[in-house]
Protein chains: 2
Amino acid sequence: MSSVISLPQPSQAAASFNAPVGGIHGSGLFASCPELIGTPFAYAREEEIYGEGEDAEFVYKVVEGAVRTHKVLSDGRRQITGFHLPGDLFGFEQGETHRHTAEALSDAKVLIFKRRQIERAATHRAEVACQLWSMATNNLRHAQDHMLLLGRRSATERVASFLMEVDERLGGTGTFALPMTRRDIADCLGLTIETVSRTITQLEADGALLRSSTSRHVSLRRNRMRRAVED
Amino acid sequence: MSSVISLPQPSQAAASFNAPVGGIHGSGLFASCPELIGTPFAYAREEEIYGEGEDAEFVYKVVEGAVRTHKVLSDGRRQITGFHLPGDLFGFEQGETHRHTAEALSDAKVLIFKRRQIERAATHRAEVACQLWSMATNNLRHAQDHMLLLGRRSATERVASFLMEVDERLGGTGTFALPMTRRDIADCLGLTIETVSRTITQLEADGALLRSSTSRHVSLRRNRMRRAVED
DNA sequence: CGAAACCTTGAGAGCTCTCAATGTGAGTGG
DNA sequence: CCACTCACATTGAGAGCTCTCAAGGTTTCG
């Protein structure tokens, strides 16, 4: 909620929904563990980083740009499980394979770590293991909040809640550019793109936000926005 | 998915949805850490164990019975975030306060641990920290699966998926007694009790399950059940 | 400037919810 | 052991929210 994430390129950065404080712990993690040096790698916009079912040999840390992770059903229905920002770690699994797919939201630079190496560091250094635990617990808390949203909130509440969360992550100024498409938003909130679009239009009509030239830029009237979420 | 949980009283036990393998790691956790001795405590059916917003001073381990955790909105809408079975740990938080409420599903016996004590053990023993990390990661994986269910699956798919999961957790025989009410099921799946009821009736009409005398007992025809979930 | 992807808007359908009534089982006291 | 009670579960009818299908507008990019 109050996490501060440095955003080298605010207009391009994405919110990190599944790892709210991941950036913080992520930064500390490797600082305290100099033997863990990641290999730099770059991905183009929309490029797949790993796919569901693949061996979970590596773990990733966002350096620049943004990444999304999602799960899909056989008929194509998609649920985004998280957006990951600079500083965030993603790709950890308990089992042998990835349980979701990761793709670059924008052109992105990451550091790649060998999972075994990190696990080894964790088994030898309680400090590292505690940070990983802390990170996972934070991600879990966020996932539970999102379950409440998906299971019990209306379209208006979901979209308003989403916009406020993106705003917070992008500096909390109330004015920002959404780093993802309507489809990404819809697949994160369990809605359709049409419903997301209509809801944003309605929020604007209610005076809860303003849109400028491009559809990605919004200015939130946060008091009215909060009223739309109510709780 | 293949976790085996010992069920002293199958007809009373509940599925553990948010901590699929928690029981396993939970058992190991304190076995390897004899200085951590929990204080036994008992709760009556429907009794609150802790409430959202309270200080997260303690951590709990189910010994007997079952526990559910949930979040609520101000208007009463509720989302169950997990059912916890014997062996499962619950109540961990990253911050100072509990982010959800825990209640006994049936009469339950638990062991209570001081959170600080466990955290201290974790900072001194990488093994303990790794187990806690592992547990959190497993819970996170389950939460992400549940997000897909809540965001993208139909009522039929949700109920069928839920029933199969309960079956697995209760031994996988295909025949069992649901340990929770329709309301609990509905609040876990993001549906209403009426929709849950209608969906079960429909699954029975489709030959995917049989109900005996009491509404809580079901026998799954797992092949047809799987077809209802399709994926 | 043209093409393609993205976004918005409209109309109607469908799934789930709401409201209401009935049925059922477990527990209690006579 | 039975009647009573209350919580729980089922069923029905209609409403409402979101989806689907379709068309048109807008932005981006080559």
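The basis for the numbers below is simple: all heavy atoms, side chains too, and nothing from hydrogens, waters or symmetry mates. Reminder, nothing fancy here: chain letters follow the sequence lines and each chain counts from 1. On a predicted model such as this, the values are computed, not experimentally measured, just so you know.
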Return the value, rounded to whole Å, for the distance between atom [atom1] of [X] and atom [atom2] of [N].
X       : N       : atom1 : atom2 : result
I185(B) : dT16(C) : CD1   : P     : 16 Å
L191(B) : dC17(D) : CG    : C1'   : 15 Å
L189(A) : dC19(D) : CG    : P     : 10 Å
D184(B) : dA7(D)  : CG    : C1'   : 13 Å
R152(A) : dT18(C) : CZ    : C1'   : 13 Å
Q202(B) : dT10(D) : CD    : P     : 13 Å
L178(B) : dC8(D)  : CG    : P     : 15 Å

Axis deviation across the helix from dC1(C)-dG30(D) to dG30(C)-dC1(D), five-pair ends, to the nearest 10°: 40°
T192(B) vs dT16(C): side-chain N/O to OP1/OP2 distance below 4.0 Å: no
Validation row, ring centre F92(A) to ring centre F90(A) under 6.0 Å: no
Pairwise salt bridge (charged side-chain N to carboxylate O under 4.0 Å, His left out) hits with a residue in residues 207-227 of chain A, at least two apart: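 Passing the test, one end in residues 207-227 of chain A: D167(A)-R222(A), E204(A)-R211(A).
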Contact list for residues 179-195 of chain B, test salt bridge (charged side-chain N to carboxylate O under 4.0 Å, His left out), sequence neighbours left out: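 Salt bridge (charged side-chain N to carboxylate O under 4.0 Å, His left out) check on residues 179-195 of chain B returns R152(A)-D187(B), R68(B)-D184(B), R78(B)-D184(B), R78(B)-D187(B), R183(B)-D187(B).
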Going by the rule side chain to side chain donor-acceptor pair (under 3.5 Å), which residues pair with [X] if we only count those two or more places apart in sequence or in a different chain?
X       : answer
T214(A) : H217(A)
T137(B) : W133(B)
T175(B) : S219(B)
Q202(A) : D206(A)

Results of salt bridge (charged side-chain N to carboxylate O under 4.0 Å, His left out) for R77(A) - residues two or more places apart only: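 Testing R77(A) for salt bridge (charged side-chain N to carboxylate O under 4.0 Å, His left out), a comparison that skips the adjacent residues, returns D75(A), E157(B).
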Exercise: do E165(B) and H142(B) side chains pair donor with acceptor under 3.5 Å: yes
Under 4.0 Å protein heavy-atom contact, by nucleotide of nucleotides 3-11 of chain C - B base, S sugar-phosphate only: ----SBBBB
